[in-house]
Amino acid sequence: ACSAFSQKSCEECLKNVSCLWCYTNNTCIDYPVRSIFPPSSLCSLSNARWGVCWINFEALIIAMAVVAGLILVSITVCCCYCCYCRSRSRSRLDEEEEQLARKREERRLQSLQRKHERKLKHDEIRKKYGLLQDSDNPYSRFENE
């Protein structure tokens, strides 16, 4: 069916997506679906048109390869960046958690130390006023009233 559009125009030939236009001899031929690219014996890539008349097949292949390459590179960069950020954020969270645990432990130790100091002061005050109970004589407080 594509050969019926030979010697007409590129636009008429390429209305059918299964056709390939060759500018060397102005022929419309069936696209060789068994091979990905049309063989050079059929038509050279620089003179072959498929899909649109304003870009040759060689440039179309190069453009598609560049676009596909950019997409693959951007996907790879995004995946690597996400993996790197994720591992970095995990390590940062672990460091923050460790730092918080250290601060919590320091505050607990300071609190225990202050509690011990208060107990010693209170014991001194109780001793001064005779309110401290000795383990030897629990009734010493009630002597000589």
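Predicted, not measured: the structure shown is a model, and the values here were computed from it.
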Exercise for review: Answer yes if Ile29 and Tyr23 sit in the same cluster of Ile, Leu, Val, Met, Phe, Trp and Tyr residues linked by side chain heavy atoms under 4.5 Å apart, and no otherwise.
Suggested key: no
Please tabulate, for side-chain N and O atoms in residues 106-119, each donor-acceptor pair with protein atoms closer than 3.5 Å (sequence neighbours left out).
from: Arg108; atom 1: NE; to: Glu105; atom 2: OE1; distance (Å): 3.4
from: Arg108; atom 1: NH2; to: Glu105; atom 2: OE2; distance (Å): 2.6
from: Lys119; atom 1: NZ; to: Asp123; atom 2: OD2; distance (Å): 3.3

**Study point:** For the student: nearest non-hydrogen atoms of Pro38 and Pro32, plus distance
**Key:** CA-CG, 3.7 Å
Exercise for review: Could you tell me whether a side-chain N or O of Ser44 sits under 3.5 Å from a main-chain N or O of Ser40, the two making a donor and an acceptor?
Suggested key: no
Review point. Is there a path from Leu131 to Ile125 through hydrophobic residues (I, L, V, M, F, W, Y) whose side chains come within less than 4.5 Å of each other?
Key: yes
Practice item. Using the test side-chain contact (heavy atoms from CB on, under 4.5 Å), find all partners of Val17 that sit at least two apart in sequence or belong to another chain. Key: none
Revision key, fill the gap. OG of Ser18 to CG of Asp30, rounded to nearest 0.5 Å, is 6.0 Å
Check your understanding: Can you list the steps and then say if Ile75 with Cys79 is a side-chain contact (heavy atoms from CB on, under 4.5 Å)?
Key -> CA-CA 6 Å; Ile75 289 172; Cys79 289; 4.2 Å; yes
Check your understanding: Taking the six-membered ring for Trp, are Phe57 and Trp50 parallel (under 30°), tilted (30 to 60°) or perpendicular (over 60°)?
Key -> perpendicular
Exercise for review: With rounding to the nearest 0.5 Å, note down the distance linking CG in Asn56 to SG in Cys43.
Suggested key: 10.0 Å
Review point. Roughly how far, to the nearest 0.5 Å, is CH2 of Trp21 from NZ of Lys8?
Key: 10.0 Å
Check your understanding: According to the salt bridge (charged side-chain N to carboxylate O under 4.0 Å, His left out) rule, which pairs have a member within residues 94-104, sequence neighbours left out?
Key -> Glu98-Arg102
Exercise for review: Find the distance between SG (Cys22) and CZ (Arg49) and round it off to the nearest 0.5 Å.
Suggested key: 9.5 Å
Practice item. Could you tell me whether the SG atom of Cys10 lies less than 2.5 angstrom from the SG atom of Cys53? Key: yes
Review point. Is there a donor-acceptor pair under 3.5 Å between the side chain of Asn16 and the backbone N or O of Cys19?
Key: no
Exercise for review: Mind checking the SG-CG spacing from Cys13 to Leu20? Nearest 0.5 Å is all I need.
Suggested key: 7.0 Å
Check your understanding: Are Phe5 and Leu42 linked, directly or through other ILVMFWY residues, by side chains that come within less than 4.5 angstrom of each other?
Key -> no
Review point. Do the non-hydrogen side-chain atoms of Thr27 and Ser6 ever get within less than 4.5 Å of each other?
Key: yes
Practice item. Determine whether Tyr31 and Met64 fall in the same hydrophobic cluster, where Ile, Leu, Val, Met, Phe, Trp and Tyr are linked whenever their side-chain heavy atoms lie under 4.5 Å apart. Key: yes
Study note, to complete from the structure: Rounded to the nearest 0.5 Å, the OG1 atom of Thr24 sits from the CG atom of Asn47 at a distance of 5.5 Å
Practice item. Answer with yes or no whether the hydrophobic clustering places Ile62 together with Leu70; edges join I, L, V, M, F, W, Y residues whose side-chain heavy atoms lie under 4.5 Å apart. Key: yes
